[in-house]
Asker: 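My questions all concern the structure below.
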Amino acid sequence: MLPSKALEQRLQTAVLAVLPEADVTTVLVRPCQDTKFGDYQTSALMALAKARKMNPRQLATDVLAKLDVSDLCAKTDIAGAGFLNFFLKPEVLQDTLLGAVQGKHLFFAKAEQPKTVVIDFSSPNVAKPMHVGHIRSTILGDSLARAFRLLGHNVITDNHIGDWGTQFGMLLLGWKTMLDKAALETDPIAELERIYKQLSADCKADESKLEAAKQELVKLQAGDEENLGIWREMIALSQNQFDTIYGRLGVKFDHVLGESFYNPRLKSVVEELKTKGIAKESDGAICVFSDGSVPQKEDPFLIQRDGEWNANPCLIQKSDGAANYATTDLATLEYRLETWSPDKIIYVTDGRQQLHFRQVFSVFRRWRPEVKVQVEHVWFGAILGDDGKPFKTRSGDTVKLSDLLDEAEERSFKTVNEKSADLDEVTRKEIARVVGIGSVKYQDLMPNRQSDYVFSWDKMLALNGNTAPYLLYAYTRIRSIFRKAAEQGVVVAPGATIHLKAADELALAKQLLNFGFVLEGLVDECRPNYMCNYLYDLAGLYARFFENCPVLKAEEPERSSRLLLCEVTAKVLKQGLEVLGIETTEKM
RNA sequence: GCACUUGUAGCUCAACUGGAUAGAGCGUCUGACUACGGAUCAGAAGGUUCCAGGUUCAACUCCUGGCAGGUGCACCA
């Protein structure tokens, strides 16, 4: 067991011995912010003391009296207002590192109670190019899936693609009247986009076109064979595009169930909500109104206008009888519950949909009060251009994801050519791919997901600072040592152990032990930026070690000890980057 | 108007259940150097954490009230 976990368990037992009625789930052991205080600390005793009007230092003393950690710690002390600090024995630290070398663990423990987690992300639209708007959902969702999986949870990723809706009326009419077959052959998505834009403009100018488009939609919805065939072909063409992009990004889905998949369920969802008295008719539409169960301020079905609270209903059926977004989401929820019995469902979308999800979740709770599933909207902010407005091309169009990835690789290739002209072209291209794609991902994951960020090629590809190239470089420097070692015939001595003496060695080692805390934090709050910050710190600590502690030039047994430390650092860096969906490269 | 959200160094961003002296990069200034990969490292300067109250042993973090930006608010998803 990891020393921090063992400490935590024993601490909780000791607290129970002193305060039998205490809730010890909040009694957690964390790494010390500043290692001068110790290696691990708990600040939970102060909170417990406060709730009981006890003297916090006295409580800490009492708990310490019941706590035997002499096999793990060289020292414990009570500091400040009632912090309990733990100083790990050097041999415990060293054995833990050695355990990682031997592949027994990588500084984290799998979840004791694995959960089934459905993650809904990316959700591109059929017949439209994937653009920057899809990047955050795709990359964030993929990273969350990777982190949950690593901790042993049963993850189901589901791409809820937009394959149904009013836009197909125009697409179908366009397909029949203005399709350029040759253009469809060379670039299907561009051609679909063209006919959609053209018809959309035509419909605005010409009522009869709009009517014709509506008729096509009605035919599709009624199951017209010709229209269904065209619709299926549009989906297939789009799926090719999605597959190409996801392939480049290294993103995989367990399921791709578009909106249309839930069509057969929509009617019964509406009926059930009506029967249960949750939804009712209003202005021809079927809506869910407030049930007054929460304070007005927190009620997603109320809104204040001119000092008065007005209804802000959630529509589940339009006055024309068609279902809408909320209905599909409810049907989707129902399907997921039936099919996978998840403990948790995560929706990764942009922040503008907060109200929508609050409403959907609220309707769901009223509809299925007995279901325990945890539903969570993990939202994110916008990607902005230099001007502080949503990121667009110079001409004002949305930036296509494929173009963006191309440019990332091209720019990265330029740098590789400058810095590593000696490598052959295939290798240089491959490095450029890893660094380019990795940089786009890292820039996206590094900021707090809820804040908007400014897209910058220069920053994301910078060789210094909290960027993918910096981390990848740190990794290649480690790999380089091992290449050099092999050239010189240097190997780790059989049975070698790790002995940490230098301050930079110790600091690096302790950071390695914290990997698990970061993973758990990431999963708890769905914030991959925790991992970014951790890896950046790790790379910085490694750089200092690298500068001040010679490895190959050291005498045995120090050389083997340091080689092992390098090896574990590389493992953690690689694993951490993998959680972010970023590949590594041996050379740069 | 109401809700959500953001406001931290000149700029871009961090800050782990409320926790110990608020940290990085860029930019500015200074240093290390034929280097286990310099795509590096070390150091300096730079802060009333938007403002005003409150809770607490302890507040960037929680509460109340302002100010400023972003987003959303009935038949688009």
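Numbered from 1 within each chain, the chains take letters A, B, ... in sequence-line order. Remember, predicted model here, so these are calculated numbers, not experimental data.
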Asker: Using the P atom on both, measure rU64(B) against rU5(B) and round to a whole Å.
Answerer: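 Comparing P positions in rU64(B) and rU5(B) gives a spacing of 12 Å.
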Asker: Would you kindly compare Ile431(A) and Arg527(A) by the position of their nearest RNA chain B nucleotide and give the one closer to the 5′ end?
Answerer: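 Looking at RNA chain B, the more 5' nearest nucleotide goes with Arg527(A).
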Asker: Could you label the plane-to-plane angle of the Phe545(A) and Tyr542(A) rings as parallel, tilted or perpendicular, counting under 30° as parallel and over 60° as perpendicular?
Answerer: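 Rings of Phe545(A) and Tyr542(A): tilted, as their planes differ by 30° to 60°.
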Asker: Can a donor-acceptor pair be found between the side chains of Tyr453(A) and Asp444(A) at a distance below 3.5 Å?
Answerer: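 Note: Tyr453(A) and Asp444(A) side chains meet the donor-acceptor criterion.
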Asker: Is it true that Asn466(A) and Tyr442(A) share a donor-acceptor pair across their side chains at a distance under 3.5 Å?
Answerer: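 The criterion, which ignores hydrogens and geometry beyond distance, is satisfied for Asn466(A) and Tyr442(A).
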Asker: C1' atom, rA22(B) versus rA59(B): distance in rounded Å?
Answerer: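 Going atom to atom, C1' in each nucleotide, I get 12 Å.
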Asker: Taking only side-chain N and O atoms of Arg544(A), does any of them lie within less than 4.0 angstrom of OP1 or OP2 on rA42(B)?
Answerer: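 The answer is yes; a side-chain N or O of Arg544(A) sits under 4.0 Å from OP1 or OP2.
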Asker: Find the partner of rC36(B): check Watson-Crick (N1-N3 plus N6-O4 or O6-N4) and G-U wobble (N1-O2, O6-N3) distances, both under 3.5 Å, and reply none if neither fits.
Answerer: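 With both distances under 3.5 Å required, rC36(B) matches none.
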Asker: Can a donor-acceptor pair be found, under 3.5 Å and without considering hydrogens, that links the side chain of Asn159(A) to the backbone of Ser123(A)?
Answerer: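 Answer holds: yes.
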Asker: Are Asn548(A) and Asp504(A) close enough that a side-chain donor and a side-chain acceptor fall under 3.5 Å?
Answerer: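 Indeed, the side chains of Asn548(A) and Asp504(A) share at least one donor-acceptor pair under 3.5 Å.
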Asker: Return the nucleotide paired to rA59(B): Watson-Crick means purine N1 to pyrimidine N3 with N6-O4 or O6-N4, wobble means G-U with N1-O2 and O6-N3, both under 3.5 Å.
Answerer: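 No nucleotide pairs with rA59(B).
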Asker: In whole Å, measure the gap between the P atoms of rU17(B) and rA77(B) for me.
Answerer: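 To the nearest whole Å, 40 Å.
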Asker: Report the distance from atom CG of Leu519(A) to atom P of rC16(B), rounded to the nearest whole Å.
Answerer: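 That distance rounds to 18 Å.
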Asker: In the strands shown, is rA9(B) matched to any nucleotide by a Watson-Crick or G-U wobble pair with both distances under 3.5 Å, and which?
Answerer: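 Partner of rA9(B): none.
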Asker: Would you call the rings of Phe361(A) and Tyr347(A) parallel, tilted or perpendicular, where under 30° means parallel and over 60° means perpendicular?
Answerer: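 Plane angle between 30° and 60°, so tilted.
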Asker: Could you state the CD-P distance from Gln450(A) to rG7(B), rounded to the nearest angstrom?
Answerer: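 It works out to 10 Å between those atoms.
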Asker: Per the side chain to side chain contact (heavy atoms under 4.5 Å, CB included) rule, which among Thr327(A), Leu330(A), Asn324(A) passes with Leu266(A)?
Answerer: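 It is Thr327(A); the other options fail the test.
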Asker: How is Tyr530(A) classified with respect to the nucleic acid when contacts are heavy atoms under 4.0 Å: base, sugar-phosphate, or nothing?
Answerer: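 Sugar-phosphate contact only.
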Asker: Using atom P in both nucleotides, what's the gap between rG23(B) and rC60(B) to the nearest angstrom?
Answerer: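 These two P atoms come out 12 Å apart once rounded.
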Asker: Which is more 5' along RNA chain B, the nucleotide nearest Phe83(A) or the one nearest Asn466(A)? Just name the residue.
Answerer: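 The residue whose closest nucleotide sits nearer the 5' end is Phe83(A).
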Asker: Taking the same atom, C1', in rU40(B) and in rC63(B), what whole-Å distance lies between them?
Answerer: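 rU40(B) and rC63(B) have their C1' atoms separated by 48 Å.
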Asker: Write down the distance between CZ (Phe380(A)) and C1' (rU6(B)), rounded to a whole number of angstrom.
Answerer: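 These atoms are roughly 17 Å apart.
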Asker: Backbone N or O of Cys526(A) within a donor-acceptor pair of the Arg449(A) side chain at under 3.5 Å?
Answerer: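 Indeed, once roles are kept as given, a pair shorter than 3.5 Å links the two residues.
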Asker: Could I get a table of every N or O pair under 3.5 Å where one atom is in the protein and the other is in nucleotides 71-77 of chain B?
Answerer:
residue, atom, partner, partner atom, Å
rC73(B), O2', Asn312(A), OD1, 3.0
rA74(B), N1, Ser282(A), OG, 3.2
rC75(B), O2, Ser319(A), N, 2.6
rC75(B), O2, Ser319(A), OG, 3.3
rC75(B), N3, Ser319(A), OG, 3.4
rC75(B), N4, Asp283(A), O, 3.3
rA77(B), O3', Glu259(A), OE1, 3.2
rA77(B), O3', Glu259(A), OE2, 2.5

Asker: Check the phosphate of rU40(B) against Asn464(A), side-chain N and O only, distance under 4.0 Å to OP1 or OP2. Yes or no?
Answerer: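 So the side chain of Asn464(A) is within the cut-off, an N or O lying under 4.0 Å from OP1 or OP2 of rU40(B).
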Asker: Determine whether the side chains of Glu556(A) and Ser560(A) contain a donor N or O and an acceptor N or O closer than 3.5 Å.
Answerer: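 Side-chain D/A pair, Glu556(A) to Ser560(A): present.
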Asker: Does the side chain of Asp291(A) come under 3.5 Å of the side chain of Ser293(A) through a donor N or O and an acceptor N or O?
Answerer: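 Judged by distance alone, the side chains do pair up.
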Asker: What is the distance, to the nearest angstrom, from the CG atom on Asp537(A) to the C1' atom on rG23(B)?
Answerer: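 That distance rounds to 9 Å.
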Asker: So which nucleotide does rA42(B) pair with, by the Watson-Crick or G-U wobble rule with both distances under 3.5 Å?
Answerer: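 rA42(B) is paired with rU30(B).
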Asker: How far, in whole Å, is rU49(B) from rA15(B) if one measures between their C1' atoms?
Answerer: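 Going atom to atom, C1' in each nucleotide, I get 11 Å.
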Asker: Write out a two-atom table: protein N or O, nucleotide N or O from nucleotides 53-59 of chain B, distance below 3.5 Å.
Answerer:
residue, atom, partner, partner atom, Å
rU56(B), O3', Lys50(A), NZ, 3.1
rU56(B), O2', Lys50(A), NZ, 3.2

Asker: For a quick check under 3.5 Å, do Asp424(A) and Thr427(A) share a side-chain donor-acceptor pair by atom type?
Answerer: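 Indeed, the side chains of Asp424(A) and Thr427(A) share at least one donor-acceptor pair under 3.5 Å.
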Asker: Please give, in whole Å, the distance from rU40(B) P to Leu471(A) CG?
Answerer: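 Going from CG in Leu471(A) over to P in rU40(B) covers 12 Å.
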Asker: Using a distance-only test with no angle check, is there a side-chain donor-acceptor pair under 3.5 angstrom linking Thr349(A) and His377(A)?
Answerer: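 There is such a pair (donor and acceptor under 3.5 Å, judged by atom type) between the side chains of Thr349(A) and His377(A).
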Asker: Give me the distance, rounded to whole Å, that separates rC4(B) from rG65(B) when you measure between the P atoms they each carry.
Answerer: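 rC4(B) and rG65(B) have their P atoms separated by 11 Å.
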Asker: Indicate whether OP1 or OP2 belonging to rA14(B) is found under 4.0 Å from a side-chain N or O atom of Ser451(A).
Answerer: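 Result: yes.
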Asker: Per the side-chain hydrogen bond (donor to acceptor under 3.5 Å, both in side chains) rule, what does the pair list look like for residues 310-321 of chain A, sequence neighbours excluded?
Answerer: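 Residue pairs passing side-chain hydrogen bond (donor to acceptor under 3.5 Å, both in side chains), neighbours aside: none found.
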Asker: Please give the nucleotide sitting opposite rG18(B) as a Watson-Crick or G-U wobble pair, both distances under 3.5 Å, or none.
Answerer: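 Paired with no nucleotide.
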Asker: How would you label the contact of Tyr534(A) with the nucleic acid (heavy atoms, under 4.0 Å): base, sugar-phosphate, or nothing?
Answerer: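 Tyr534(A): no heavy atom of the nucleic acid under 4.0 Å.
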Asker: Counting only side-chain N and O atoms of Tyr470(A), is one of them less than 4.0 Å from OP1 or OP2 of rC41(B)?
Answerer: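 Affirmative; the distance criterion is met.
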Asker: Is there a Watson-Crick or G-U wobble partner for rA52(B) with both distances under 3.5 Å, and if so, which one is it?
Answerer: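 Partner of rA52(B): rU64(B).
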Asker: Which pair of non-hydrogen atoms, one from Ala485(A) and one from Leu552(A), has the smallest distance, and what is that distance?
Answerer: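 Closest approach of Ala485(A) to Leu552(A): CB-CD2, 3.8 Å.
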Asker: Using whole Å, what does the distance between atom P of nucleotide rU6(B) and atom CZ of Arg449(A) come to?
Answerer: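 Atom-to-atom, Arg449(A) to rU6(B), this comes out as 11 Å.
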Asker: Which part of the nucleic acid, if any, lies within reach of Asn85(A) when heavy atoms closer than 4.0 Å are counted: base, sugar-phosphate only, or nothing?
Answerer: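 Base, at least one base heavy atom under 4.0 Å.
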Asker: When you compare rA68(B) with rG43(B), how far apart are their P atoms, in angstrom units rounded to a whole number?
Answerer: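 Here rA68(B) and rG43(B) have their P atoms 42 Å from each other.
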Asker: If we call it a pair only when both distances are under 3.5 Å in a Watson-Crick or G-U wobble match, what pairs with rU71(B)?
Answerer: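 Partner of rU71(B): rA3(B).
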Asker: Quick one, give me the B/S/- string for nucleotides 28-38 of chain B, reading 5' to 3', where B means a protein heavy atom under 4.0 Å from the base and S means that only happens at the primed atoms, P, OP1 or OP2.
Answerer: --------BBS
Asker: Can you check the Lys459(A) NZ to rA24(B) P distance for me, whole Å?
Answerer: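 Atom-to-atom, Lys459(A) to rA24(B), this comes out as 18 Å.
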Asker: For Asn55(A) and Arg57(A), work out which heavy atoms get closest and say how close.
Answerer: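 Reported closest heavy-atom pair: OD1-N, 2.9 Å.
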Asker: Would you please confirm or rule out a distance under 4.0 Å between OP1 or OP2 of rA15(B) and any side-chain N or O of Asn529(A)?
Answerer: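 For rA15(B), OP1/OP2 do have a side-chain N/O of Asn529(A) under 4.0 Å.
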Asker: Kindly confirm or rule out a cation-pi arrangement of Lys75(A) over Phe86(A), judged by NZ or CZ under 6.0 Å from the six-membered ring centre and within 45° of its axis?
Answerer: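 Cation-pi check for Lys75(A) and Phe86(A): fails.
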Asker: Asn514(A): which residues meet the side chain to side chain contact (heavy atoms under 4.5 Å, CB included) condition with it, sequence neighbours left out?
Answerer: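 For Asn514(A) the side chain to side chain contact (heavy atoms under 4.5 Å, CB included) partners, ignoring immediate neighbours, are Pro31(A), Tyr40(A), Gln511(A), Phe517(A), Tyr534(A).
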Asker: Within this structure, what is the CG-to-P distance between Asn533(A) and rG25(B), rounded to whole angstrom?
Answerer: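 After rounding, the reported distance stands at 13 Å.
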Asker: Please tabulate the protein-to-nucleotide N/O contacts below 3.5 Å involving nucleotides 61-70 of chain B, giving atom names and distances.
Answerer:
none

